Every structure is written in C-alpha cells, then in structure tokens.
Number of protein chains: 2
Amino acid sequence: MSKMQKKQDIIDHAFELFYDQGFNTGVDAIMADTGISKRTLYKYFPSKEVLIAELVEHYRVNVIPLLRAEVERLSPDPKGRLIALFDVRQAKFAEGCFRGCFAVSAKLEYACRNPQIEAASEAMMADMTGLMREFCVLTGHSDPDTLTAQAMVLFNGAVVAAQASRSAAPFDTAKGILRALLSFPRPRGERVAEQSEAG
Amino acid sequence: MSKMQKKQDIIDHAFELFYDQGFNTGVDAIMADTGISKRTLYKYFPSKEVLIAELVEHYRVNVIPLLRAEVERLSPDPKGRLIALFDVRQAKFAEGCFRGCFAVSAKLEYACRNPQIEAASEAMMADMTGLMREFCVLTGHSDPDTLTAQAMVLFNGAVVAAQASRSAAPFDTAKGILRALLSFPRPRGERVAEQSEAG
DNA sequence: GGTTATGTAAACAGATCAGTTTACTTTTTT
DNA sequence: AAAAAAGTAAACTGATCTGTTTACATAACC
C-alpha cells in the first residue's frame with residue numbers, strides 16, 4: 001500500500017467514525033478501525049484537529065463533484081436538477097442514515113476555536129452554495145441570487161429537521177416549497193420582462 | 001437563598017455555559033461560575049446528564065410561554081404573529097448571539113445515547129411545533145398542518161444557516177418565503193371553498 | 001446552647017484523552 | 001545482503017473529566 005493510499009485509508013475510516021459518532025470520538029477508535037498504530041497516525045497527521053480540517057477539505061473536494069454528477073444524471077433540466085439535489089440528500093436519510101452536513105457539524109463544533117477547520121467548512125459551504133446557484137441561474141429565474149438563498153435555507157432546514165426528527169419527511173416539505181417558488185415568480189422571458197434589474 | 005432559588009441559580013449558570021460553549025464544558029466551570037462547591041452541585045443533580053436533561057426541560061417550560069407572550073405583544077393578527085416568531089429569533093442573532101436551538105443541539109449531541117435528554121428535547125420540539133401550528137391555524141390557511149411543517153423547515157433552516165454563517169440574513173430569506181406561502185394558497189373562505197378536505 | 005443540615009475546600013479515585021517515546025519488527029530500497 | 005524507511009505494540013506523560021469522600025466551617029432550628 002502506497003503512502004497516498006494509506007493516508008486515504010486513514011481519511012476514509014476517520015471520516016466515517018467522526019461522521020457517525022461525532023468529533024469527540026477518540027483517536028484510539030480511528031487507530032483500531034483503520035488497523036494502524038498511533039505512531040503511524042501521527043506520522044500522517046500532526047494532530048487530531050489538523051486531521052479533521054483535512055477531512056472537511058476531502059469532503060468538499062469529493063462530494064461536490066459527485067453530487068453534481070449524480071444530479072445531472074437524474075434530470076436533464078435545471079428545475080429538475082435543483083429538486084434532484086434535495087432528492088439525493090433525502091435518499092440518504094430514507095436509507096436510515098440520519099447524518100447532517102459534515103462541514104456544518106464541524107463549523108458548529110469548532111466555531112471560534114479552530115480557524116483552519118472553520119475555513120475548510122466555509123469553503124465547503126461556499127462550494128455547495130455555488131453548485132446550488134448554478135442550477136438556480138439555469139432555471140432562468142428572474143432573481144437567481146434570491147432563489148439560491150431560499151434554496152439554501154430550505155436545504156439546511158430539511159437536513160436539520162430530518163436529523164433531529166429522524167425522518168426524511170421534511171425533505172418532501174422543502175421540495176414542495178421549492179416547486180412553488182419555481183413556479184410563482186415567472187421565469188425570465190416568459191411573460192414579464194425584468195432582465196434589466198436581474199443581477 | 002432557599003433551596004429552589006439555589007437550584008434555579010445553578011440551572012441559570014449551567015444553561016448559559018452549555019449554550020455558549022457546548023455540552024462538553026466541564027462541571028468545574030459550572031461550579032466556578034455559580035460559586036458553589038462540587039458537593040453542592042451533586043446534591044442538587046445526581047449527574048451532569050441529568051442536569052442537562054433538566055436544562056432542556058427548563059428551556060421548554062420557560063421559553064415557549066415567553067415566546068408566545070412576546071409574539072402576541074408584537075402583532076395582533078395571526079399572520080403577523082407567525083412572522084413575529086421569526087423576528088423574535090432573528091433579533092437574537094442580530095444582537096450577535098449566534099446560538100442555535102438548545103433542544104436541537106442537545107438532541108443531536110445525545111442522539112441514541114441518553115433517552116432522557118432525547119425525550120426532553122423532543123418535548124421541546126413538539127411544543128414549538130404546537131405553538132407554530134396555533135398561529136398557522138388562526139391564519140385561516142386551508143391546510144394548516146402543511147403550513148406548520150413548512151414554517152418549521154423554514155425556521156430550522158434560518159436558525160442553522162444563521163448559526164453557521166454568523167449572519168441574521170437567512171431569517172429575511174425565510175420570512176420572504178413564509179409571506180409568499182401565506183398569500184399564494186388563498187386563506188379559507190376568501191374565494192375558494194375547500195374546507196371539506198382540509199384536515 | 002446544642003444539634004442538624006448545609007455549605008466550602010480540597011484531596012482522591014478511576015477513567016479517558018491527545019500526543020510522545022522506546023524497543024522491536026517488517027518492508028522496501030539500494 | 002546491508003541499510004534505511006516505515007511499521008507495530010505498548011508504556012508513558014500530562015492533562016482533563018466525572019463523580020466520591022474527607023475534614024472542616026457555617027447557618028438554621030429546636
């Protein structure tokens with residue numbers, strides 16, 4: 001097993017452990033789960049918090065492209081893809097996996113305590129907002145930035161409500177609202193002409 | 001200071017500490033902050049987790065009536081009161097106090113680990129949903145249960161987005177969506193008659 | 001005034017945790 | 001095959017944490 005593969009192995013196991021059991025999980029659990037000694041763990045990562053920061057970064061780099069690919073596979077049109085973003089996330093909860101956003105959890109846990117983890121979490125959240133905005137723009141909505149902000153509130157609300165209630169139902173509610181928002185203010189160039197003031 | 005007052009004193013200090021710094025704050029901090037010895041703390045509460053469960057219960061018993069009173073003071077009509085629920089919560093964030101819901105945090109922290117804390121958190125969340133539903137019903141909306149579910153997703157989404165981004169802006173987004181939801185499907189008896197199928 | 005409850009302060013037990021170091025073994029490279 | 005790198009296992013440091021106990025002080029109560 002190469003150096004990169006071993007580091008990846010640690011990242012994979014540590015990610016699952018922290019995601020499932022929270023950030024207060026001990027490094028001993030990571031060692032046991034990965035099947036390595038403490039010395040090796042600390043050879044690859046100088047500290048537990050640096051490891052967590054790299055986990056968030058790894059989450060961002062991998063999940064965003066994966067999410068985009070899956071959404072684009074599920075639906076051909078922008079509105080459908082926007083809804084599909086919720087569908088993909090909802091599917092995890094429906095499987096009985098009631099985990100929130102790894103980056104949001106990290107941000108809340110290390111807020112005002114670890115700038116590196118905070119920065120990685122903010123980067124992940126920015127990328128997620130960027131992905132959401134891409135699809136919002138493509139819908140031809142007259143105010144894509146407002147729509148993006150709305151979709152993000154709905155997405156976060158669905159995730160946290162699903163997590164707390166251990167039910168996927170809030171996603172159906174969120175998708176219902178999103179569909180209403182997509183149909184109520186007319187898309188640009190359909191009837192009303194207000195391109196001039198749309199950023 | 002009477003027994004009840006002393007217990008209340010511990011609850012007040014412990015609540016602020018856990019709310020500000022998370023549930024992993026040590027009992028030593030509570031002792032120092034309240035100005036009591038460890039023996040006294042453990043005379044009033046058999047364990048830290050029982051204390052936390054009582055904090056959530058205390059939060060429920062006090063915050064819900066307080067919230068109702070404040071909202072009813074802020075607006076005379078149901079729709080205004082529904083919006084005011086968001087306003088009251090938003091005001092805290094605008095003051096620079098970026099704390100989520102104490103009960104939701106407790107639920108996420110002790111999920112599948114402490115049934116007592118989980119139960120107290122669920123009771124709080126049920127009461128909050130009940131309060132939200134009261135105002136939703138009074139708006140005369142044709143489907144108050146759906147409206148309640150929608151308002152809860154929006155509320156949770158605004159809180160967590162505000163908490164993560166350290167900005168009160170998500171509340172404006174949430175309120176905008178809520179206003180749209182309140183005006184789009186006609187309130188019962190205004191033009192459309194669909195009371196028969198509204199649960 | 002004497003008894004009892006209630007408090008403080010501090011030591012202590014027992015566990016856990018992050019991180020280091022030592023001694024030894026395995027693998028890789030040259 | 002020799003040397004160097006990378007690994008394991010485990011002891012250890014030093015800190016932190018929940019919860020208990022001991023010794024002593026104070027306040028209330030009869």
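Numbered from 1 within each chain, the chains take letters A, B, ... in sequence-line order. Small disclaimer: the values here were computed from a predicted structure and weren't measured.
Side-chain atoms of Y19(B) never come within 3.5 Å of backbone atoms of A14(B) as a donor-acceptor pair (strictly under, hydrogens ignored). No donor-acceptor pair under 3.5 Å is formed between the side chain of H58(B) and the backbone N or O of E54(B). Distance alone, capped at 3.5 Å, is enough to place a donor-acceptor pair between the S167(A) side chain and the A169(A) backbone. D9(A) contributes no side-chain N or O that, together with a main-chain N or O of Q5(A), makes up a donor-acceptor pair within less than 3.5 Å. Listed for the K48(B) side chain is a donor-acceptor partner under 3.5 Å among the backbone atoms of F23(B).
Distance CD (E49(B)) to P (dC17(D)): 15 Å, rounded to an integer number of Å. Remark: P of dT28(C) and CD of Q5(A) are 12 Å apart, rounded to the nearest angstrom. Distance D28(A) CG to dG19(C) C1': 11 Å, rounded to the nearest Å. Atom CG in L51(A) sits roughly 10 Å away from atom P in dG19(C) (whole-Å rounding). Rounded to whole angstrom, the span from the NZ atom of K48(A) across to the P atom of dG19(C) amounts to 8 Å.
At a cut-off of 3.5 Å, with distance as the only test, a side-chain donor of D172(B) or Q90(B) sits close to an acceptor on the other residue.
For the pair S47(A) and K6(B), both in contact range of DNA chain C, the more 5′-proximal nearest nucleotide belongs to K6(B).
In the region residues 30-45 of chain A, proximity to DNA chain C at under 4.0 angstrom, judged on heavy atoms, holds for K38(A), R39(A), Y42(A).
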